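So the structure is just underneath, and the comments pick up after that.
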Number of protein chains: 2
Amino acid sequence: MRVLIVEDEMELADTVALGLRREGMAVDVAYDGVSGEEHLEANAYDVLVLDRDLPGVSGDEICKSLASGGSPVRILILTASTGIEEKVAGLGLGADDYLGKPFAFIELVARIRALARRLEARVGPKLMVDDVTLDPATHQVHRAGRPIDLTRKEFAVLEYLLLASGSVVSSEELLEHVWDDSADPFSGVVRVVMSRLRQKLGPPSVIQTLSGVGYRIADDR
Amino acid sequence: MRVLIVEDEMELADTVALGLRREGMAVDVAYDGVSGEEHLEANAYDVLVLDRDLPGVSGDEICKSLASGGSPVRILILTASTGIEEKVAGLGLGADDYLGKPFAFIELVARIRALARRLEARVGPKLMVDDVTLDPATHQVHRAGRPIDLTRKEFAVLEYLLLASGSVVSSEELLEHVWDDSADPFSGVVRVVMSRLRQKLGPPSVIQTLSGVGYRIADDR
DNA sequence: ATCGCTTGTTGCAGGGATGTTACAAGGCCC
DNA sequence: GGGCCTTGTAACATCCCTGCAACAAGCGAT
């Protein structure tokens with residue numbers, strides 16, 4: 001899951017970014033509105049964590065222009081003010097959720113998760129296909145009832161495939177959503193992670209390759 | 001938008017229902033869990049507003065059973081408790097959002113809106129003729145509901161034919177648009193790809209040949 | 001029916017795409 | 001700061017897509 005944080009309090013921004021990375025998300029940070037908009041143009045983020053009170057371009061403006069532009073980014077607004085009126089105003093602006101500072105980190109994570117969850121693949125709190133289940137909340141993966149240890153990247157890739165619910169996902173798309181800016185498009189990391197994932201998941205194979213197109217979770221019938 | 005409210009405090013339930021109807025939504029109300037489940041079975045709701053503390057069948061149970069049943073309903077949980085832990089637990093249960101009582105009515109509406117907006121988001125435009133569908137976004141092709149794996153070239157050719165929507169397409173035109181400069185006009189590649197395409201699509205034949213003219217997708221009636 | 005042209009099918013080889021493994025660098029936790 | 005784990009790089013092995021070529025089959029006209 002690819003997240004952009006736009007927040008001028010650098011310390012807060014970095015702390016949140018670090019925490020989210022530990023959760024396995026691919027996180028980029030922008031410390032002001034202008035830079036934020038540049039990032040938004042350059043990359044396909046799933047979730048935008050947006051400070052409402054920014055110097056320069058305000059959070060409200062960014063929010064409005066995204067909403068009117070039909071962007072698929074889900075927006076979570078952070079703000080110092082906690083009044084209900086404020087909340088509603090924020091939601092009316094096109095934001096998808098709203099969180100008043102100070103907030104507990106765990107709540108932020110839960111909210112981001114809820115925002116990113118997609119409709120089709122959702123089977124309760126867990127994602128499952130065939131005999132593979134993945135629980136985003138606890139970071140646990142099971143195959144045929146047996147627990148499987150995955151690293152953050154492996155987990156993120158599997159989660160993305162499951163969220164795509166059987167659609168084909170190209171390595172470019174994976175790079176876009178599971179890795180952050182620093183990823184090298186030509187490195188073939190995806191191939192490597194995919195290989196390790198398949199080994200850990202074991203046979204029978206759940207991840208199919210369509211040569212020249214991408215990967216997908218088996219959703220045969 | 002179709003909404004179901006399951007809430008045992010009748011006054012609250014009715015007030016909310018009234019307000020939502022004013023917003024143009026189609027609203028049903030159930031005052032207990034059993035009745036709520038009946039409604040859920042009988043109708044296809046977009047959003048479920050669910051009280052967590054219900055007499056009889058609890059909100060949690062409803063939530064869980066919906067989630068495990070793969071229902072597409074978006075769930076917003078209402079509750080007296082506002083603690084963060086509760087919220088996280090609620091979201092983990094498969095709910096999509098969470099609102100603690102007391103809440104401002106306008107906020108509830110805004111939340112439901114946000115949920116519904118997420119719902120509409122996806123579903124790319126598909127191309128379809130007869131019982132063949134092609135989704136350009138996910139690179140997927142189905143014939144009579146069954147998924148069919150195509151290579152890049154095969155996919156591109158089929159897509160071009162479908163875009164022509166029943167009109168005749170010559171081999172020259174295909175070479176021109178599906179292949180690049182390096183293609184040899186005399187090689188007969190089109191014939192080859194066409195053959196493999198037809199084999200994968202299987203009978204009854206969807207691609208017709210007009211001798212001396214070109215190919216077209218069956219556009220039967 | 002036969003001829004000539006167009007189209008369909010199949011085997012094969014080259015090359016690009018993908019899978020695998022070993023290794024190095026960097027982060028994280030103690 | 002040390003040790004472990006994770007992540008990415010590089011090199012190599014393997015797969016399979018693609019286009020070619022040769023041949024078979026279809027079609028229309030005489």
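In the text below, chain A, chain B and the rest are named by the order of the sequence lines, each starting its count at 1. If you're wondering where the values come from, they're calculated on a predicted model, not measured in any experiment.
- One can place CZ of A/Arg22 at 15 Å from C1' of C/dG26, the figure rounded to the nearest angstrom.
- Atom CZ in A/Arg21 sits roughly 12 Å away from atom P in D/dG8 (whole-Å rounding).
- Separating the CE atom of A/Met194 from the C1' atom of C/dT21 is a distance of 17 Å, rounded to the nearest angstrom.
- Side-chain N/O atoms of A/Arg198 and A/Thr209 include a donor and acceptor closer than 3.5 Å.
- A sub-4.0 Å separation between OP1 or OP2 of C/dT21 and a side-chain N or O of A/Gln199 is present.
- One can place CZ of A/Phe186 at 12 Å from P of C/dA17, the figure rounded to the nearest angstrom.
- A/Asp28 is not listed as a side-chain neighbour of A/Val3, based on a closest heavy-atom distance of 4.5 Å or more.
- You'll find that the side chain of A/Arg152 is closest to D/dT7, out of C/dG8, C/dG19, D/dT7.
- Side-chain nitrogen and oxygen atoms of B/Lys153 include at least one within less than 4.0 Å of the OP1 or OP2 phosphate oxygen of D/dG19.
- Looking at the side chain of B/Val192, the nearest of the listed nucleotides C/dT10, C/dG19, C/dT21 is C/dT10.
- Using a 4.0 Å cut-off between charged side-chain N and carboxylate O, A/Asp46 and A/Arg74 make no salt bridge.
- For D/dC16, neither phosphate oxygen OP1 nor OP2 lies less than 4.0 angstrom from any side-chain nitrogen or oxygen of A/Ser211.
- The aromatic rings of A/Tyr45 and A/His39 sit tilted, their planes meeting at an angle between 30° and 60°.
- Distance, A/Arg198 CZ to C/dT21 C1': 15 Å, rounded to whole Å.
- Looking at which nucleotide of DNA chain D each of A/Asp184 and B/Arg196 is closest to, the 5′-most match is held by A/Asp184.
- Between A/Thr151 and D/dT7, a side-chain N or O to OP1/OP2 separation shorter than 4.0 Å is present.
- Residue A/Thr209 places at least one side-chain N or O closer than 4.0 Å to OP1 or OP2 of C/dG19.
- The CG atom of A/Leu197 sits 11 Å away from the P atom of D/dT7 (whole-angstrom rounding).
- Put simply, A/Tyr215 has no side-chain N or O that comes within less than 4.0 Å of OP1 or OP2 on C/dA17.
- Within the structure, a side-chain polar atom (N or O) of A/Trp179 is placed less than 4.0 Å from OP1 or OP2 of D/dG8.
- Nearer to the 5' terminus of DNA chain D, by closest-nucleotide assignment, is the contact made by A/Lys200 (compared with the other of A/Lys200 and A/Arg191).
- Using a 4.0 Å cut-off between a side-chain N of Lys or Arg and a carboxylate O of Asp or Glu, A/Asp60 and A/Arg52 qualify as a salt bridge.
- In this entry the distance linking CD of A/Gln208 with P of C/dG19 reads 12 Å, nearest Å.
- Closest to the B/Ser195 side chain, of the nucleotides D/dG19, C/dG19, C/dT9, is C/dT9.
- Atom pair B/Glu154:CD and D/dT18:P shows a separation of 6 Å (rounding to whole Å applied).
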